[in-house]
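All of these numbers come straight from a predicted model, not from anything done at the bench.
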Amino acid sequence: MPATILLAIMSFYPIIQAIITSLKTGSSANMQWSDPLTYNYARMFQDKIFLRSVGNTFLYLIIEVPIMLVLAMLLAQLLNNKDLKFKGFFRTCVFLPCATSLVSYSLIFKSLFATQGLMNTILVNLGILEENYNFLGSPTSAKAIIIIALIWRWTGYNMVFFLAGLQNIEYSVYEAAKIDGANGWQTFWRITVPLLKPTIVMTVIMSINGTLQLFDESVNLTSGGPANATITMSHYIYNMSFGQGVANFGYASALSFLVFIMVAILAFINMKVGDKRD
C-alpha cells in the first residue's frame, strides 16, 4: 500500500495533471482553458522550431541507435571469448564512458571540437584542414558530433546487456555448431542473434526511449544551435517551460504528451515485432 500510494502521488497524478495543463493557455500564474481545448496540440504542427526539433531527434535516432547497438553486440561477442586475456580490463574500458557524468562528457566533447580544440590542432597539423574549423558552428558537423558523443557514451551500456545475454547461452551450442561445419559468421547469425532476440528488443526499446528524450547533449554541447539546427524535442520543451521569458506550461505539457505517445507507439511496435511466440 505505501508503494502504491507513492506511485500514485509521484507518477500518476503528475501525468494526469500534465494532460489537464496541456488543455490550458496563459502564464503559469494565470492559466485558463484553451479555446478550443485542442489549441496547443494544433499549434505544435505549425511550430517550425518544434518540427525541426522532431526532425533532429529522429535523425539522431535513425543514425545513432543502429550503429550503437551493432557496435555493442560486436564488442560483447569479442569480450565474451573465453580465451581472451584481461577480459575484465577491456570490459571496464568499454563501460567507463557510461559511468561519466552527462554534463562532464558533454563539456569534454565541446572542448575537443572547439575552434581552438584538440581535434582542430590535430587535423591542421596533419594537413587535412588548412585552418581551424568551427565544428559546433556548422549544423551538419554539430549534429555529427552529437551522434558521435552518443555512440561513445552509450555503446558500453548496451554492451553489458548483450554480454549478460551471451553468458546465458550454453557454450555447448557453439561447439555443436562448429562440429556441424558452421563458420563464425553463420554461428553469429544463426545462433547468437536469435538467442539474443529478447535482449535486442529490450535494448532497442531503451535506446529509442532515451533518444526521443535526448536533452543533455543538445543543451551542453551546442545549446541547440546554430540557430536551433541541433535542438531536440526535450530541449525545446525545456525552453518553453523555463528557458525563454514567460513560462508556457500549457504548450510544454502538450509537447511532452506528444513525446510520451511517440515513445509508447515505438515501444509497442518493437515489442510486437520482437515477439514471435505462437
Side-chain angles (χ1 to χ4, degrees), residues 3-65 102-103 106 139 142-143 146 150 204-272:
T4 303
I5 293 172
L6 283 173
L7 281 172
I9 295 174
M10 304 301 294
S11 295
F12 295 114
Y13 174 75
I15 291 173
I16 296 171
Q17 191 62 38
I19 295 172
I20 295 172
T21 304
S22 71
L23 303 176
K24 296 181 178 181
T25 57
S27 64
S28 57
N30 186 29
M31 299 196 71
Q32 299 177 347
W33 293 103
S34 304
D35 185 21
L37 286 176
T38 57
Y39 170 76
N40 286 324
Y41 292 93
R43 173 185 171 184
M44 67 177 67
F45 294 104
Q46 301 173 354
D47 188 339
K48 293 183 179 179
I49 298 178
F50 174 67
L51 295 177
R52 180 179 296 175
S53 74
V54 174
N56 290 339
T57 304
F58 275 90
L59 176 68
Y60 302 146
L61 174 67
I62 292 169
I63 297 176
E64 172 250 342
V65 170
L102 288 167
V103 175
S106 297
K143 291 175 184 177
I146 289 177
L150 288 169
V204 168
I205 291 173
M206 290 195 306
S207 299
I208 290 174
N209 187 5
T211 306
L212 288 179
Q213 300 177 66
L214 189 63
F215 177 77
D216 293 87
E217 289 75 12
S218 175
V219 172
N220 297 311
L221 265 176
T222 62
S223 299
N228 295 315
T230 60
I231 194 169
T232 61
M233 292 188 292
S234 293
H235 188 180
Y236 187 60
I237 291 169
Y238 172 82
N239 286 344
M240 288 293 100
S241 300
F242 310 107
Q244 295 180 346
V246 179
N248 194 340
F249 289 126
Y251 186 46
S253 296
L255 298 177
S256 300
F257 193 61
L258 179 64
V259 174
F260 168 75
I261 293 173
M262 288 180 182
V263 171
I265 291 174
L266 290 174
F268 176 77
I269 292 172
N270 276 285
M271 291 182 69
K272 294 302 290 184

(request) Decide yes or no for L102 and E217: does some side-chain heavy atom of the first lie under 4.5 Å from some side-chain heavy atom of the second? (result) yes
(request) Would you indicate whether the side-chain heavy atoms of K24 and F249 approach each other to under 4.5 Å? (result) no
(request) For residues S218 and H235, report the shortest heavy-atom separation together with the two atoms involved. (result) OG-ND1, 2.7 Å
(message) Quick check against the 3.5 Å criterion: does N270 have a side-chain atom that pairs as donor or acceptor with the backbone of L266?
(response) yes
(request) Would you confirm whether S253, through its side chain, and T21, through its main-chain N or O, come within 3.5 Å as a donor-acceptor pair? (result) no
(request) Could you walk me through whether I261 and I265 pass the side chain to side chain contact (heavy atoms under 4.5 Å, CB included) test, one step at a time? (result) CA-CA 6 Å; I261 293 173; I265 291 174; 3.6 Å; yes
(request) Enter the distance from L221:CG to K143:NZ here, rounded to the nearest 0.5 Å. (result) 14.5 Å
(message) Does F58 form a side chain to side chain contact (heavy atoms under 4.5 Å, CB included) with T211? I'd like the steps, not just the answer.
(response) CA-CA 8 Å; F58 275 90; T211 306; over 6 Å; no
(message) I want to check something: taking the side chain as every heavy atom from C-beta on, are L212 and M233 in contact at a cut-off of under 4.5 Å?
(response) yes
(message) Side chains of I15 and F260, heavy atoms from C-beta outward: is any pair under 4.5 Å?
(response) no
(request) Give, for atom CE of M44 and atom OG of S53, the distance between the pair rounded to the nearest 0.5 Å. (result) 10.5 Å
(request) Could you check L214 against L150 for side chain to side chain contact (heavy atoms under 4.5 Å, CB included), going step by step and ending with a plain yes or no? (result) CA-CA 10 Å; L214 189 63; L150 288 169; 3.4 Å; yes
(request) Would you check if N56 and Y236 make a side-chain contact, meaning some heavy-atom pair closer than 4.5 Å? (result) no
(request) Can you see which heavy atom on L51 is nearest to which on F45, and at what distance? (result) CD1-O, 3.6 Å
(message) Measuring only between side-chain heavy atoms, which start at C-beta, is L61 closer than 4.5 Å to T57?
(response) no
(request) Test F50 against every option in I231, N228, I237, L258 by the side chain to side chain contact (heavy atoms under 4.5 Å, CB included) rule and name the one that passes. (result) L258
(request) Over 60° means perpendicular and under 30° means parallel, so classify the ring planes of Y238 and F242, tilted if in between. (result) tilted
(message) Would you compute the distance between atom CE of M206 and atom CD1 of I208 and round it to the nearest 0.5 angstrom?
(response) 11.5 Å
(request) Supply the atom-to-atom distance I146 CD1 to I63 CD1, rounded to the nearest 0.5 angstrom. (result) 11.5 Å
(request) Flag the pair N220 / F215 as yes when at least one side-chain heavy-atom distance between them is below 4.5 Å, and no otherwise. (result) no
(request) Calculate, to the nearest 0.5 Å, the distance between atoms CE and CD1 belonging to M240 and I49 respectively. (result) 7.0 Å
(request) Identify the heavy atoms of I9 and P14 that sit nearest to each other, and give their distance. (result) O-CD, 3.2 Å
(message) For a quick test of reading the model, state the closest non-hydrogen atom pair linking S106 to D216 and the distance between them.
(response) OG-O, 4.1 Å
(request) Evaluate whether atom OH of Y39 has more than 12 neighbouring non-hydrogen atoms of other residues, nucleotides or ligands under 6.0 angstrom away. (result) no
(message) Keeping Y60 on the side-chain end and T230 on the backbone end, is there a donor-acceptor pair under 3.5 Å?
(response) yes
(request) Output the distance between atom CH2 (W33) and atom CD1 (I20), rounded to the nearest 0.5 Å. (result) 6.0 Å
